[in-house]
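Take a look at the structure set out below.
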Amino acid sequence: MLTLIFDGIAYGMLLFLLSCGLAVTLGLMNFINLAHGAFAMAGGYVTVLLTNRTGIPFLATLPVAFLATAAAGGILEKLLYKPMYEKSHLDQVLFSIGIVFMAVAGVDFLVGSQQQILNLPDFLKGRIEIAGIGIGIYRAFLIVVCGLLATMLQLINSRSRFGSQLRASVDDRRVARGVGIQVNRLFAITFAVGSGLAGLGGALGAEIISLDPTFPLKFMVYFLIVVSVGGTSSLVGPLLASLLLGLADVLGKYYMPSLGGFVIYIVLVAVLVLRPQGLLARGN
Amino acid sequence: MTAVLETRHLNKTFGGLKATSDVSFKLERGARHALIGPNGAGKTTFINLLTGLIKPSSGDILLDGKPITGLKRESRVQRGLVRTFQINQLFGQLSVVESLALVIAERRGHGWNMFRGLSRLKGLDREIADLVSDFGLDTVAEDRCCDLPYGKQRLLEIAMAIALKPRVLLMDEPAAGVPEADRQEVLSRLAALPSDVSILLIEHDMDLVFTFASRISVLVSGALFAEGTSQEIAHDPRVKDVYLGGGHHD
Amino acid sequence: MTDLLEIESLSAGYGRAVVLQKVSFTLAQGQAMALLGRNGVGKTTTLNSLIGLTRFHSGRVLLNGQDMSRLSPERRVEAGIGWVPQERGIFRSLTVEENITASARPGRWTLEAVYELFPRLKERRRNFGNQLSGGEQQMLSIGRALALNPKILLLDEPTEGLAPIIVEELLASIRRIVREEGLAAIIVEQHAQQILAMTERAVILDRGAVAHSGDSAALAADTETLGRFLGIGT
Amino acid sequence: MGPSQHRITRALGRTRRLSPLEVSFWLLAVAVWFFLPDYHLILNEIAGFAILALSLDLILGYAGMVSLGQAAMYGLGAYAAGLFSIHVTGEPISGLLVGAACGALLALLTGPLLLRGGDLTRLMVTLGVAAVVMEIANQASWLTGGADGLRGMEIQPLFGVFDFDIFGQTACAYSLVVLFALMLIARVLLSSPFGYSLRAIRDNPLRASAVGIPVHARLVTIYTVSGAYAGIAGALFAQTQQFVSLDALSFQKSADGLMILTIGGPGYLYGGALGALVYKLIQDELSNLTPQYWQFWIGLMLVAFVLIGRERPHRALAALTRRLKGKAERSKAKEDQA
Amino acid sequence: ADTVKVGVVIPLTGGFQSNGRQISAALKTFLATHGETAGGKKVEFIVKDDASAADNALRLSQELVTKDRVSILTGFGNTPAALSVAQLSKRAKIPQVIMVAATSSIMDASPYMLRVSWTVPQMANVIGQWAAKNGTKKFVSIVSDYGPGVDAEAWFDKALTASGGTVAEKLRVPLASPDFSPFLQKAADQKPDALFVFVPTGAGTSFMKQYVERGLDKSGIKVIAMADVTDDDLLNSMGDPALGAITGGPYSTSHDSPENKSFVDAFKKENNGMRPNMVAVAAYDALQLIYKTLDKTQGDATGDTFLAAAKGMTIDSPRGPIFIDPATRDIVQNIYMRKVERVNGELYNTEFETVEKVHDPAH
Ligand SMILES: Nc1ncnc2c1ncn2[C@@H]1O[C@H](COP(=O)(O)OP(=O)(O)OP(=O)(O)O)[C@@H](O)[C@H]1O
Ligand SMILES: Nc1ncnc2c1ncn2[C@@H]1O[C@H](COP(=O)(O)OP(=O)(O)OP(=O)(O)O)[C@@H](O)[C@H]1O
Ligand SMILES: CC(C)C[C@H](N)C(=O)O
Ligand SMILES: [Mg+2]
Ligand SMILES: [Mg+2]
């Protein structure tokens, strides 16, 4: 039982890691960024290719994955994304789907369509027993990384002026500019950070979920579920949502295997019908 | 005279704040009644309660003596309880004519009609033409609401309520943003409404309030603070203190 | 003394439409100016153009002699413009306090100073922007502009929705601030007489062009002009 | 009638009249059917997607409800039509009606879940519902054939005369006629008071309720109609393909529908048809040219399309219509003078 | 005409693209080794991407038949794609040569269907019998929750129970599930001798990793799986976790025969050192079947002639001898039991036992 709960939390953390970039771009910036998965995939590929082909240690590739995708995000933002903020959600959907298609085919072309498999260093492999609970080392590692990340992000968002300026810009971009908020710079930085987080999530998740060019499409639904259940405009929401979904999924599959495929969707629909803005929503 | 609209011990709290506090209020048939009070006194909240936009924490609302507290918004409208909004609420993509047409169709009970064209409803064009010219919207009749200048939007906001032929009309600062010259127009439109239509007006423009209303209620911190004829209120020193200020000489 | 703000035959609009046609006026430090006109003549558009939110076509906008006509809104705020939009533009998912501090700049107008001017805001400081009454939103919008510590205030119908007692205080405060702190203000208003009484200068717009420009006191007495362009008094 | 009254009547009736552009659209469709038999198959598929997109347009373009779960109704319609042909009769028209009824029923039952929340909420709730329906179909393999797909459909000739040939001749004509009929119905529906009330709700639900429109009931109703449309699209597809698989219920299907509608432009009635036409033809052409990498070019086109401005083609079209109309009116005026 | 056109409908994009990739590599290899003529005619291949969706597979096949006038259809990366086209092949009398789809029943859907891949029961049945015979009796089965998975579960259970074993618990994993932990936990709780596993290619990697991470290998629970789990294409990068897994399947890259050696060499040469897996072999054999049959009919690809000639055809495939059963048009082949081992620093499915001439038990 306790092992199951641990697994649920770890799975939840994995979901959070994969989605927290989206929690930034969609949640905080209100940009329907379906291309989130493409950035996550990019991060995953950076890590896998670096560890497998050049032998750079896994941990050292993580910052590289973050920085590389953040840079890619920053550049794309300048070149392509910028005019998108003011367009409708449908435009954003279409645009970011276009990016996903390009990423999928692009990776297929550059690296090939086969699955990429990450090889972890030995100290992250295996499992230890603590008080009778079996704990996978890598999963524990994920939990720790994820906890740190979530705390940091939430502090930045809620405590700093950066956070309130960002939310102001999202509420009303025009007025925000009219009171002197540097909306463009703010969005560029945030988008780059969001992309970087996506990349980091992809890098950390590559061990558990399979990485191939269809990644951005295959897991898109999961990212969206986490962010919408969590509610936009904070990062604690998606974190809670990830934990809820992770636990529900693992426990559901264990105790009611026949409902396995339904659990996550039932949680999704139930939460959103009861709380249309997600678990945590600001204002109303 | 009898009360068309009445509240009994109406309360509404937001978190710790009592936005409406034990308000027992009567609106007489055919009344021209104004509701004034400092900013944040709870005037809009009161109207929101009456129209069902928010639910009261406790207390009752009666229309024609019958409780409507739990009724849906649209059912209240169908019973003749109509409002305008402090901040314009228009159908942005529809034109002025379309907005009015659909409102009238709805009033006449054609809302569920899925087959007859909106333009085929009898007498619709005549009614719209009248409204449009009454409110000075001729020049912009075919423009989309979101493209109208603010003042015209304000007029449409009111025209849409009038198009519903209300029995009780609740107006939240109808003159805000309307230039002085046009205020008289709005006012005369309101004055021309049948005398059995009861009007409750929220307004901060005292000239308008005093010309229009025969009775005034003052709301302060959610509670009824004073009520009386416009003369009484205009000279009530307590009202001067909390609301009118010294600059107002009447 | 040079003028703080100079506008030279400014033409601007939205998209392809040109709303303002060669609008010119100047404003000196310590002066307040009333901007009047019927609905839809371009008062809001004028203020929007000063803050940089319309499409600029031609002309010049000078602040302290520096041409701003091609600067972004952010830069203009930096240069000293404070703006109160007509629709208030309160950020709905920020609290009252955050609404003020998110964009605030250092200077005399601190959070506390704003609260002092509008005690009501202090009471409601934890409310989110969308949980405010109309008048409270108006106060907040003015407070937010003051907290930018601007050199010139652009107020688009600042008294709309405020209780008479607050209007009185507010206009008096603006008057005082402009005079004592050496600011300038452009105030768009529907109540001509009330605003003419507290400004030095007045401009009347008609269909996007300046129809009258001059001394406020003189205009207040000029019923003919008021009647012609604003439709009052006749 | 005063002149302004006349003007008002005209302004209100505008959406009900057939424009010359529309007439040429349908003439073109007929011409393609007669003269370009090679296009029958893809045209049939396009018509199916056009109906799916039209069903989405009813809720998104006119009532402002976005959905990523249209495949639930589409797929249900497809399975219903398929099962109906296996267990009851292979007569196509009745199968179509069964598909419509099932789609409508599902929409009616799930519609109330969509009444609260914004775009994202609705996207996700519909997506969740569709995922659950798909999972049910997967589990009920005794009925649906599960992941292998439903087999054994035999569709009888249309009206007992026109056999569904492998060249797609009958199928294509059948789909086009159904599309045409659904388009006409939608047009009538949308120019009615009911149709306008939907637009009012789309633009401002708060005000809509304040003028007496029962917002929730209207939304559930149009969602149900949209469900029927989607059900018909699914049934049509099942019948013309004589095969149904879980793909009909997949996220991909919903997403395709939304994408196609968005490309064509929601709120124009023809958006779905145009979107389906353009997207499918381009996709087909590209995937012939480069079967492995066509997605890249499609993606590039989407990005460029949005950057350039999705509304541009519509503005151009609108300008064209205006010019055509202007000409027609001018020549009419001339006639009147003569 | 002097050319025979062959339509190849495969998933080059979407969820089954790994199959499409192996097939197109096999096609390339085959053309390099066998040229473009058969039965005295030029053979022209037209490749279409069905994007892993059955609707597309059908429409493309129809177009291939009606517009491009192909005489033979082949490809079909999964069961729904194959089934959707069955009606067409039946009505237009077009031979449909299946390269991957593995559900038994598709052969009934059209009399012009020929299968050169394998069937799920063919493998599951052999695995079940072998397991019981070798003393592994108590199983927990973990399969993907879709048609082929359910088939595998049923046939394995049947074979195992018939030989005296038991399946203590049958677990079905949703196809899209990235995490196996609850299932593995549940399986471990039963303390079985081994797990029977069937998940599609890609998911096999995560499964094996999590199986090891959870320490199930150390607690002595073996993995006995369908060949898909230790796909030759991915096996090498799966690394240590895969070591020791026992699988049953029709082909291993390390199969020891001259045919296979030359096939693997040619394949690697044509495709940048890529390893062929069983999909590649099936595709290669499908092409061999098409060529050999055309040779026999002197280039006549008319449905009935082609089918008559193809029935009973034997081929010396890289996987060993295969045979098209004239009665069912389905493949008869050897099924090998294999174990993942490291050979010369690379991982392979090393064959250690052969069950010869296996028919599809479902027919
Ligand atoms: N959703 C809410 N949550 C919390 N407080 C609220 C909410 N809505 C309104 N309030 C508070 O309730 C009080 C009453 O607001 P209301 O809008 O009724 O005032 P009002 O009398 O209409 O004022 P004004 O004249 O400024 O429009 C205000 O102080 C406001 O901040
Ligand atoms: N965003 C916009 N896009 C296009 N035209 C606009 C836009 N905003 C305003 N206009 C047009 O510009 C003209 C001037 O409008 P503006 O809002 O400046 O008038 P105003 O004098 O402020 O009126 P009011 O007293 O109603 O606030 C109007 O004709 C209006 O229709
Ligand atoms: C890739 C394979 C698992 C596909 C499976 N053999 C099928 O027939 O659907
Ligand atoms: Mg109010
Ligand atoms: Mg204005």
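Letters A, B, ... are given to chains in the order of the sequence lines, protein chains preceding strands, and every chain is numbered from 1.
- Proximity to chain E (any heavy atom under 4.5 Å) is shown, for D:Ser141, by neither the backbone nor the side chain.
- Contacts of E:Gln62 with chain D are made by both backbone and side-chain atoms, with heavy-atom separations under 4.5 Å.
- Interface remark: E:Ser84 contributes backbone and side-chain atoms alike to the contact with chain D (heavy atom separation under 4.5 Å).
- Within the 4.5 angstrom heavy-atom criterion, only backbone atoms of E:Ser52 (N, CA, C, O) approach chain D.
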Practice problem: Any chance you could lay out the side chain to side chain contact (heavy atoms under 4.5 Å, CB included) test for D:Lys253 and E:Asp55, step after step, and finish with the verdict? | Solution: CA-CA 11 Å; D:Lys253 196 56 96 187; E:Asp55 326 340; 2.5 Å; yes
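- Although no hydrogens or angles enter the test, the distance criterion places no donor-acceptor pair under 3.5 Å between the side chain of D:Asp148 and the main chain of E:Gly147.
- The contact between D:Asp38 and chain E is made by backbone and side chain atoms together, counting heavy-atom distances below 4.5 Å.
- Rounded to the nearest 0.5 angstrom, D:Gln242 CD and E:Lys90 NZ are separated by 10.0 Å.
- Neither the backbone nor the side chain of E:Ala86 comes within contact range of chain D; no heavy atom of the residue lies under 4.5 Å from a heavy atom of that chain.
- In this structure, the side chains of E:Asp145 and D:Glu135 come closer than 4.5 Å at one or more pairs of heavy atoms.
- If you measure heavy-atom distances from D:Asn44 to chain E, you find no contacts under 4.5 Å at all.
- Contact of E:Asp151 with chain D is not made at all, since no heavy-atom distance falls under 4.5 Å.
- Listed here is the closest heavy atom pair of E:Tyr146 and D:Asn138: CA-OD1, 4.0 Å.
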Exercise. Could you please spell out the steps behind the side chain to side chain contact (heavy atoms under 4.5 Å, CB included) verdict for D:Glu154 and E:Gln87?
Key: CA-CA 10 Å; D:Glu154 291 279 359; E:Gln87 280 277 348; 4.1 Å; yes
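- We find the CD1-OG1 distance between D:Ile298 and E:Thr13 to be 11.0 Å, quoted to the nearest 0.5 Å.
- Of the atoms belonging to E:Leu60, it is side-chain heavy atoms, and not backbone ones, that fall under 4.5 Å from chain D.
- Proximity to chain E at a heavy-atom threshold of 4.5 Å picks out D:Pro291, D:Gln292, D:Trp294, D:Gln295 from residues 289-297 of chain D, in numerical order.
- Within a 6.0 Å sphere centred on NZ of E:Lys158, heavy atoms belonging to other residues, nucleotides or ligands number 12 at most.
- Between the NZ atom in E:Lys67 and the OH atom in D:Tyr39 there is a gap of 5.5 Å [rounded to 0.5 Å].
- Listed here is the closest heavy atom pair of D:Phe243 and E:Pro80: CZ-O, 3.4 Å.
- Comparing E:Leu83, E:Leu58, E:Leu12, E:Asp49 by how many heavy-atom pairs each has under 4.5 Å with chain D, the most go to E:Leu83.
- Using a 4.5 Å heavy-atom cutoff, the side chains of D:Asp284 and E:Arg59 are in contact.
- Ion pairing between a basic and an acidic side chain is recognised when a charged N comes within 4.0 Å of a carboxylate O; E:Asp108 and D:Arg151 show no such pairing.
- Residues D:Ile166 and E:Ala92 come closest through the heavy atom pair CD1-CB, 3.7 Å.
- Separating the CG atom in E:Asn56 from the CD atom in D:Gln252 is a distance of 9.0 Å, to the nearest 0.5 Å.
- Per-residue heavy-atom pair counts under 4.5 Å with chain E were compared for D:Asp165, D:Thr240, D:Val244, D:Ile42, and the maximum is reached by D:Ile42.
- Contacts between D:Glu45 and chain E at a heavy-atom distance below 4.5 Å involve the side chain alone, from C-beta outward.
- There is no contact between D:Leu246 and chain E, counting heavy-atom distances below 4.5 Å.
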